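Report on the structure given below.
Treat the numbers as computed from the prediction; the structure is a model and nothing was measured. First the proteins, then the strands, lettered A, B, ... as listed; each starts at 1.
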Amino acid sequence: MTLDTTFDPAAIEARWYKHWEESGGFRPERPDAEAFTIVNPPPNVTGSLHIGHALDNTLQDIVIRYERLRGKDALWVVGTDHAGIATQMVVERQMEERQDKRTNYSREGFVEKVWEWKRESGGTITHQLRRLGCSMDWSREQFTMDEHFTKAVLKTFVDLYNDGLIYRDKRLVNWDPKLKTAISDLEVEQQTIPGHFWHFKYPLADGVTLDDGRDYIEVATTRPETMLADMAVAVHPSDERYASVVGKHVVLPITGRRIPIVADEHADPELGSGAVKITPGHDFNDFEVGKRAGIAAGDMLNVLDGEANVCQTADGLVPDEFIGLHRFKRDGVDGAREAVVARLKADGFLIPHIAKTKKGEEVEHDAEPRQIATPFGDRGGVVIEPWLTDQWYVDAEKLAEKPIKDVRDGTIEIVPKSWEKTFFNWMENIQPWCVSRQLWWGHRIPAWFGPSKEGGNLSWNMSDYSTNKVFVAESEAEVREQARAYYGDKYEIEFNEAPFAALQTVADYVNEGIPPNKVILRQDPDVLDTWFSSALWPFATLGWPDKTDLLGKHFPNNLLISGFDILFFWDARMMMMGQYNMGEAPWPRLYLHGLVRAADGAKMSKSKGNVVDPLGLIDQYGADALRFFMAAMESQGRDIKMDEKRVEGYRNFATKLWNATRFCQSNGIGASTTLKAPIARLAANQWIIGEVQAACVEIDAAMADLRFDAAANAIYQFTWSKFCDWYLELIKPVFAEGADPDAMPAKETREVAGWALDQILVMLHPFMPFITEELWHAQGDRGYDLITAKWPDPRAKVSKDATDAIDWVIDLTTNVRSAKNELGIPPGAKLAAFVPSPSDLASSTIERSSAAIERLARLTPVTVGKAPAGPAMQVTAQGGPASDVFVIPLEGIIDIDAEKTRLEKALAASQKEAKSLEGRLSNANFVERAKPEAVEKAREDFAYHAGEAERLEAALKRLG
RNA sequence: GGGCGUAUAGCUCAGUGGUAGAGCACUGUAUUGACAUUGCAGGGGUCGGAAGUUCAACUCUUCCUACGCCCA
């Protein structure tokens, strides 16, 4: 097959991808091979490929292709995540556009709509991953809502429940009033926004006064609306200003609620007045203070509904005018916050803030401006409300124990290691994980509630479901069994899906005509956090809980690659669930990479409009170039700044390889037939064999350490700077006009060059799969595709003399070129040279490689012996231990002063170096205390530079 | 407030206790057979600052400064 003169990535990418996928190239049958397994961080089913995915998946593909080439049974599990909140939002938004809404449907109806959406437009990203060249096992594509996955989720939930590691609890959650669901701590983002700090007077009750005579306590808050549900005022136990009033009461303005003054260390005497209002139902700190003050969670007052509008508190003291107001100003309409402040001000309870203008005048404001750390929901984008509800919690602290130990003792290696500290810091301070979500799309919680049985009578507690009887099991059949055991045969058991809201009271229950001998069980309407299911990814994707062969062979996985941003969300939770369900760490190694940033270092975001579309880059430069860029920039522990020039550079690299292959083809260099290096006698051929080995060793070492940058640079440098720049130039004389194409040198060189090019294609394949596969086949008929070829075997014997000889020719060539350039001699000029006292290497190389010396160094003839008298330039050649001086007469070619200047410059450099080394060597401390190798090296370097200086001085003398 | 990370050539980044590297950019130069998406040659860095350890520090330690991230 002949190659076009220009390389066009687009033309080959789709073709090869299709071929690989259809021919099973991504997962060849290798039943007896050692397993190598990676699971892909499942992207959201709603997602589309962004630059971060491109990085993450490129790295994984490099590893998986590398291991596949090394003969392993390489499995890359791929799939998508059902992304509860995100997906439900997408479908609801689409409904909105049609003036439709979720609640127009039954739960089942809506979920079916989501499935429809998923079938039609979900998984865009999986097609985009193909464009990148990712070699995942698509035949086993997974989805976290697959039937077998659901089985795994249910089993895990039930097991955890039975082990007491999942429980229902009433406490404050992070409530998203836009999405109307609880979310976990990790889904909350703290942002600092400008806000206000208001100061209020809370009048003391019963005529009590402070020691200074005041009849009120001053409190301050950034959230005045919560005062409607205040239940205490706290002061520090050691704060003498308030010691006399601890245990006394204040009467809250507006509600008139009588609340105690309590002593609690949470109150900071240094902050404001030292007294703080306590709203246990709406603030995490206050919740704790409230509990310490003896208020049960169930008794804490709540003044906001699910949409964060004011509702009546249990004591009924909130005036009607406030009911229904939103928590704060929204869409230009004042809310409860503004109303409370206005009312307090009107009633004289507001203490104004006095600010000074630049001119020193005092001005009164209602509040002090302040920067406020405020929690936002990462999906909904609105301020999170701490809200008192019943939710399911996972005992994360218990589950974290084994993962902590795994990382501590090296069972799991985190790369780069610097992340370990962050990991420990989080895991050791982990909070209970709220896993229930008030959504319809997701894994339904396998818990059913029924009336509790007290002394033979059934009773429902409508205000607090957690006190009702709960049955947790994987199926209704099991629940029925449990229920029968609990209620006895006297009751008929029925499952009913009617929403809880339909049965608010016992009276409703009776009114529905439910006979007294019937028990109705209702499943918890909530679903599980999506991360609860993705935590099972390393084994549920392999068939767990069934004991499949696949699971046996591929769990534990070998490596996980993820962005550090999901270390806690996903990686840590996989560790927990791996240990809990499988009794093992899910993988021995975790590689964390950084973010891809915009060229200016800013975080890419849609709102900033600075996102770079990886597909656009692929269109422009080819997938291979983008991949290579990702790999070359991926040094451990640093974010990657986008640099399109560099992507372009790697496109150029691909073109270079393309053209090198064209050159090979034009000289009859084709596919090699052996994995082992061919037998070679010519120095250049031995040299390139040695260089292939060195490159392979370097790449293997880099890959073992997951140094993607080092591996990419090694193959890049070898291909361009060694193979193209030197080897192909060195062998050109063999194929030159007049040379015998059937003679040994040409035959051997064709074999070696073909072999070396093949090794390049194999070693480059993990990084640039498309162009390498194309060239692999262009080079000749092959028994197999490159994707399933064999990684180079770096063992081959090459003679040191041969490689030294080529190093010597290269050094000579470089030095001659450099000298010519400095002296203004045309680079093409062929010059005669004399070698007065050649080394052994020089003697043999001048004889055997005269063609290369003529062609590259452009020296001819090269005469062994003393140069004739007269001006000359001098260059040296080094290779291994050999060091030779070439004298090149300049008569009539160049002005002598230029050569003098050049030599003087070189002499000064050598003398400076020699002097510095001499100084070091004359330091007794250095000679005695430094490592012997270092001393030896210094001696060698000194000898070299001293000799060089001598040679240069002699050359200068000759010039006169 | 706690923790972590980064600071090396104009730019983006590697790097090692023993005379500083790559890519891009820049300068000079080369053009009829692999390749101008190129070749050849070259300029450019007191390795953020200060102190310490060491025969020797860009590298190790401490402190400082700047920037970034995470947690509270």
Please pick, from [options], the nucleotide with the shortest atom-to-atom distance to any side-chain atom of [X].
X	options	result
A:Ser818	B:rC70, B:rA41, B:rC13	B:rA41
A:Asp643	B:rG18, B:rG28, B:rU12	B:rU12
A:Arg597	B:rC69, B:rC55, B:rA14	B:rC69
A:Lys421	B:rG3, B:rG23, B:rC55	B:rG3

Q) Under 4.0 Å between a side-chain N/O of A:Arg638 and OP1 or OP2 of B:rA7, yes or no? A) yes
Q: State whether A:Lys912 places a side-chain N or O below 4.0 Å from either non-bridging phosphate oxygen (OP1 or OP2) of B:rU19.
A: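 So the side chain of A:Lys912 is outside the cut-off, no N or O lying under 4.0 Å from OP1 or OP2 of B:rU19.
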[atom1] atoms of [N] and [M], separation to the nearest Å:
N	M	atom1	result
B:rU16	B:rC58	P	15 Å
B:rA7	B:rC13	P	10 Å
B:rG49	B:rA57	C1'	15 Å
B:rA25	B:rU65	C1'	30 Å
B:rG52	B:rC67	C1'	26 Å
B:rC26	B:rC11	P	15 Å
B:rC70	B:rC60	P	26 Å
B:rA14	B:rA20	C1'	12 Å

Q: Using a 4.5 Å cut-off on heavy atoms from C-beta on, say whether the side chain of A:Val596 contacts that of A:His50.
A: no
[X] side chain to [Y] main-chain N or O, any donor-acceptor pair under 3.5 Å?
X	Y	answer
A:Glu691	A:Lys722	no
A:Arg573	A:Phe569	yes
A:Ser666	A:Phe663	yes

Measure from [atom1] on [X] to [atom2] on [N] and round the result to the nearest Å.
X	N	atom1	atom2	result
A:Glu940	B:rU19	CD	C1'	14 Å
A:Asn713	B:rG23	CG	P	9 Å
A:Glu270	B:rG1	CD	P	15 Å
A:Leu856	B:rC40	CG	P	11 Å
A:Asp709	B:rA22	CG	C1'	11 Å
A:Arg920	B:rU19	CZ	P	6 Å
A:Ile715	B:rA14	CD1	P	21 Å
A:Lys645	B:rC26	NZ	P	8 Å

Q: Identify whether any heavy atom of A:Arg858 sits under 4.0 Å from a base atom; if not, whether one sits that close to sugar-phosphate; answer base, sugar-phosphate or nothing.
A: nothing
Q. Which part of the nucleic acid, if any, lies within reach of A:Asn923 when heavy atoms closer than 4.0 Å are counted: base, sugar-phosphate only, or nothing?
A. sugar-phosphate
Q: Could you tell me whether the side chains of A:Arg920 and A:Asn923 share a donor-acceptor contact shorter than 3.5 Å?
A: no
Q) Cut-off 3.5 Å, side chains only: do A:Glu913 and A:Ser910 have a donor facing an acceptor? A) no
**Q.** A:Asn174, A:Thr374, A:Val173 screened by side-chain contact (heavy atoms from CB on, under 4.5 Å) with A:Ile384, the one that passes
**A.**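 Of the listed residues A:Asn174, A:Thr374, A:Val173, the side-chain contact (heavy atoms from CB on, under 4.5 Å) partner of A:Ile384 is A:Asn174.
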Q) Which residue lies toward the 5' end of RNA chain B, A:Ala373 or A:Arg929, if each is placed at its nearest nucleotide? A) A:Arg929
Q: Sorted by first residue and then second, give each ring pair (Phe, Tyr, Trp, His ring centres under 6.0 Å) pair with at least one member in residues 621-644 of chain A; sequence neighbours left out.
A: A:Phe628-A:Tyr650, A:Phe628-A:Phe653, A:Phe628-A:Phe767
Q: Using a 4.0 Å heavy-atom cut-off, write out nucleotides 33-39 of chain B from 5' to 3' as B (base contacted by protein), S (sugar-phosphate only) or - (no contact).
A: -BB-BSS
Q: Given side chain to side chain donor-acceptor pair (under 3.5 Å), test A:Thr901 with A:Glu904 step by step and report yes or no.
A: CA-CA 5 Å; A:Thr901 310; A:Glu904 273 159 6; 5.1 Å; no
Q) Given the rule that a pair is Watson-Crick or G-U wobble with both distances under 3.5 Å, how would you write RNA chain B in dot-bracket, using | for pairs to a different strand? A) (((((((..((((....[..)))).(((((.......))))).....(((((..]....)))))))))))).
Q.
So that I can tick it off, tell me whether A:Lys641 and A:Asp639 are bridged by a salt bridge, with the cut-off set at under 4.0 angstrom between side-chain N and carboxylate O.
A. no
**Q.** SB check A:Glu385 A:Arg223 (cutoff 4.0 Å)
**A.**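 Here A:Glu385 pairs with A:Arg223 in a salt bridge, since their nearest N and O are under 4.0 Å apart.
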